[in-house]
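To start, the structure under review is shown below, and the notes come after it.
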Amino acid sequence: FPIFETREIQMGVAIQIDNVTKAYGKNIVIQGLSAEIQPGEFFTLLGPSGCGKTTLLRMIIGFNSIEGGEIRVDGKVINQIPTNRRNMGMVFQNYAVFPHMSVRDNVTYGLKTRHVPKAERYKRADEILKLVKIDDYADRMPTQLSGGQQQRVALARAIVIQPEVLLMDEPLSNLDAKLRVEMRNVIKRIQRQVGITTVYVTHDQEEALAISDRIAVMHGGVIQQIGTPKHIYQRPANEFVSSFIGLSNFVDAENENGTLDFGCGYRVPMSTLRPDAGRKVCVAVRPEEFLIRSAEEPGIPATVRSSVFLGMTQHYFLTLGEEKEIEVVVPSDRSDLIPDGEKVSLQIVADKVNVFDGESRATVIREGV
């Protein structure tokens with residue numbers, strides 16, 4: 001794209017977060033957190049409300065002070081550099097567009113404060129508005145735009161200044177479901193096209209899976225796991241990650257020399273377990289990792305409580321014993337629907353399920369499988 005033809009911008013910059021701490025008085029929100037973000041990477045901070053993800057983002061841009069550790073951008077420590085000198089673009093949850101300025105003037109505002117000549121400002125603005133596909137609205141006021149269009153204006157304004165880093169704080173949470181999907185695709189396409197190192201904050205796990213190169217799952221001010229969307233979904237580091245990313249059913253079992261015993265006559269050899277796995281374990285089974293069999297076959301006894309047809313898939317809600325409820329998803333086909341109240345057996349897909357230590361709740365699956 002014309003305004004981003006320089007090698008530096010296209011390659012992006014690395015961000016090193018080294019043992020950083022953030023405290024408000026005696027309340028420590030983040031303690032000793034470290035991560036490394038690669039040049040040009042789309043890196044997402046994912047977690048529930050209050051986990052510290054927005055706090056960390058604000059530390060990167062300079063809105064929050066850093067009580068310990070260092071943050072380096074392109075090898076340079078930025079702890080004490082004022083926000084306006086960090087050469088970063090920010091997209092906020094509430095868009096933060098200026099209602100009294102046209103779309104074009106909103107986009108050129110950052111260039112104006114940098115004393116870029118007017119002709120150059122407007123040239124860059126027109127180019128970036130074409131990139132985000134709202135050039136037809138350049139002369140409109142923000143009140144004449146939809147929420148998705150306003151978010152495109154905010155994105156264009158953040159990118160047009162040619163920042164080293166693009167930061168995005170829950171940018172899609174105010175949009176309806178259809179617009180969120182549309183805008184996340186827009187953001188991903190533009191980030192790939194421009195190549196800016198991007199740090200993105202969200203609590204929406206589906207959004208994070210769809211848009212990210214890598215995800216850092218946070219909880220209680222601690223990064224629980226960093227990895228690609230596929231790896232985090234398929235091999236979560238602990239029970240929290242497994243429950244937060246997608247849906248998991250948790251079933252207690254005993255490990256007997258690499259064989260899981262579910263205590264009902266159903267035993268499954270597990271080639272994926274580490275040799276040091278303890279006896280008491282918790283097995284995390286995604287809804288699609290259960291197989292429904294007749295009650296006469298080996299498996300975990302269960303009772304169908306209800307079911308929902310969702311086109312490509314059939315969702316069954318079952319009960320183990322008298323209380324524990326689980327969900328199983330199977331492909332839709334022409335076979336008969338299993339009626340409510342039916343007794344069945346559940347088998348697991350052994351090479352896909354995850355197993356956690358009964359006490360630490362950390363994974364006991366071998367690396368690389």
Side-chain angles (χ1 to χ4, degrees), residues 1 4 10 12 15 35 37-49 51 53-54 56-58 60-61 88-97 103 106-107 128-137 142 145-160 163 165-218 225-234 241 244-247 310-312:
F1 198 72
F4 293 105
Q10 286 189 341
I15 303 173
I37 301 167
Q38 303 299 322
E41 184 174 36
F42 199 117
F43 189 87
T44 296
L45 301 173
L46 173 67
S49 298
C51 71
K53 56 189 185 296
T54 293
L56 180 58
L57 193 78
R58 291 172 64 87
I60 295 172
I61 199 169
M88 298 181 181
M90 183 91 173
V91 180
F92 298 92
Q93 179 178 345
N94 62 354
Y95 320 141
V97 296
V103 168
N106 261 280
V107 173
I128 202 71
L129 288 172
K130 287 180 182 178
L131 182 66
V132 299
K133 300 188 184 304
I134 52 169
D135 46 309
D136 290 342
Y137 305 97
L145 304 179
S146 68
Q149 290 165 342
Q150 289 187 49
Q151 195 59 283
R152 288 172 188 251
V153 174
L155 180 60
R157 187 176 60 188
I159 292 175
V160 77
V165 176
L166 178 63
L167 305 173
M168 310 186 80
D169 187 11
E170 301 271 10
L172 307 183
S173 59
N174 287 340
L175 304 178
D176 62 41
K178 185 177 179 181
L179 262 180
R180 280 202 302 272
V181 173
E182 177 186 327
M183 279 304 300
R184 80 189 186 198
N185 292 335
V186 168
I187 289 170
K188 185 173 184 178
R189 172 179 60 82
I190 292 172
Q191 194 272 341
R192 294 285 189 275
Q193 197 165 346
V194 173
I196 297 176
T197 303
T198 299
V199 185
Y200 188 97
V201 162
T202 184
H203 65 276
D204 186 323
Q205 50 94 11
E206 181 180 304
E207 190 176 294
L209 291 172
I211 209 168
S212 312
D213 292 321
R214 285 193 303 154
I215 299 170
V217 182
M218 294 185 65
Q225 185 176 2
I226 297 177
T228 64
K230 182 178 180 181
H231 182 70
I232 282 182
Y233 182 85
Q234 293 181 342
V241 176
F244 192 78
I245 302 288
L247 175 65
L310 292 178
M312 293 180 64

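This chain uses plain numbering: 1 for the first residue, then up along the sequence.
Considering only heavy atoms from C-beta on, T44 stays 4.5 Å or farther from V199 through its side chain. The closest side-chain heavy-atom distance from L46 to Q205 is below 4.5 Å. The closest side-chain heavy-atom distance from H231 to Q225 is below 4.5 Å. The closest side-chain heavy-atom distance from P142 to V153 is not below 4.5 Å. Taking 4.5 Å as the limit, some side-chain heavy atom of Y137 sits within range of a side-chain heavy atom of L145. With a 4.5 Å cut-off on side-chain heavy atoms, I187 and M168 count as touching.
Note that the CD1 atom of I211 and the CG atom of N185 stand 8.0 Å from one another [nearest 0.5 Å]. Distance check, rounded to the nearest 0.5 Å: NZ of K133 to CD1 of I190 gives 8.5 Å. Distance check: L129 CG to I134 CD1 gives 5.0 Å after rounding to the nearest 0.5 Å. To the nearest 0.5 angstrom, I232 atom CD1 is 5.0 Å from I215 atom CD1. With rounding to the nearest 0.5 angstrom, the CG atom of L45 is 6.5 Å from the CD1 atom of I37. The OG1 atom of T54 sits 10.5 Å away from atom NE2 of H203, with the distance rounded to the nearest 0.5 Å.
Between the side chain of Q149 and the backbone N or O of S146, at least one donor-acceptor pair lies under 3.5 Å. Under a 3.5 Å cut-off, the side chain of Q151 and the backbone N or O of R180 do not form any donor-acceptor pair. D169 contributes no side-chain N or O that, together with a main-chain N or O of V91, makes up a donor-acceptor pair within less than 3.5 Å. A side-chain donor-acceptor contact under 3.5 Å links E41 to the backbone of Q38. Panel note: side chain K53, backbone P48; a donor-acceptor pair is recorded below 3.5 Å. Under a 3.5 Å cut-off, the side chain of S212 and the backbone N or O of L209 do not form any donor-acceptor pair.
Of all heavy-atom pairs between P163 and G89, the closest is CB-N, 3.4 Å. Residues Y233 and G246 approach most closely at CE1-CA, 4.2 Å, considering heavy atoms. Contact detail for G148 and L179: the closest heavy-atom pair is N-CD1, 3.8 Å. The minimum heavy-atom distance between I226 and A216, with the atom names listed, is CG1-CB, 3.8 Å.
Ring centers of F42 and Y200: under 6.0 Å apart, within the cut-off.
For D213, the salt bridge (Lys or Arg N to Asp or Glu O under 4.0 Å) partners at least two apart in sequence or on another chain are R192. Residues meeting the salt bridge (Lys or Arg N to Asp or Glu O under 4.0 Å) test with R189, sequence neighbours left out: none.
Counting heavy-atom neighbours within 6.0 Å of F244 CZ, excluding the residue itself, gives a total above 12.
Screening residues 198-212 for salt bridge (charged side-chain N to carboxylate O under 4.0 Å, His left out) gives R184-E206 as the qualifying pairs, with residues at least two apart or on separate chains.
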key: Stepwise side chain to side chain contact (heavy atoms under 4.5 Å, CB included) test for V194 and L131   = CA-CA 10 Å; V194 173; L131 182 66; 3.7 Å; yes
inquiry  = Run M183 and R152 through side chain to side chain contact (heavy atoms under 4.5 Å, CB included) and show every step you take.
reply    = CA-CA 8 Å; M183 279 304 300; R152 288 172 188 251; 3.7 Å; yes
key: Trace of the side chain to side chain contact (heavy atoms under 4.5 Å, CB included) decision for L166 with M90   = CA-CA 6 Å; L166 178 63; M90 183 91 173; over 6 Å; no
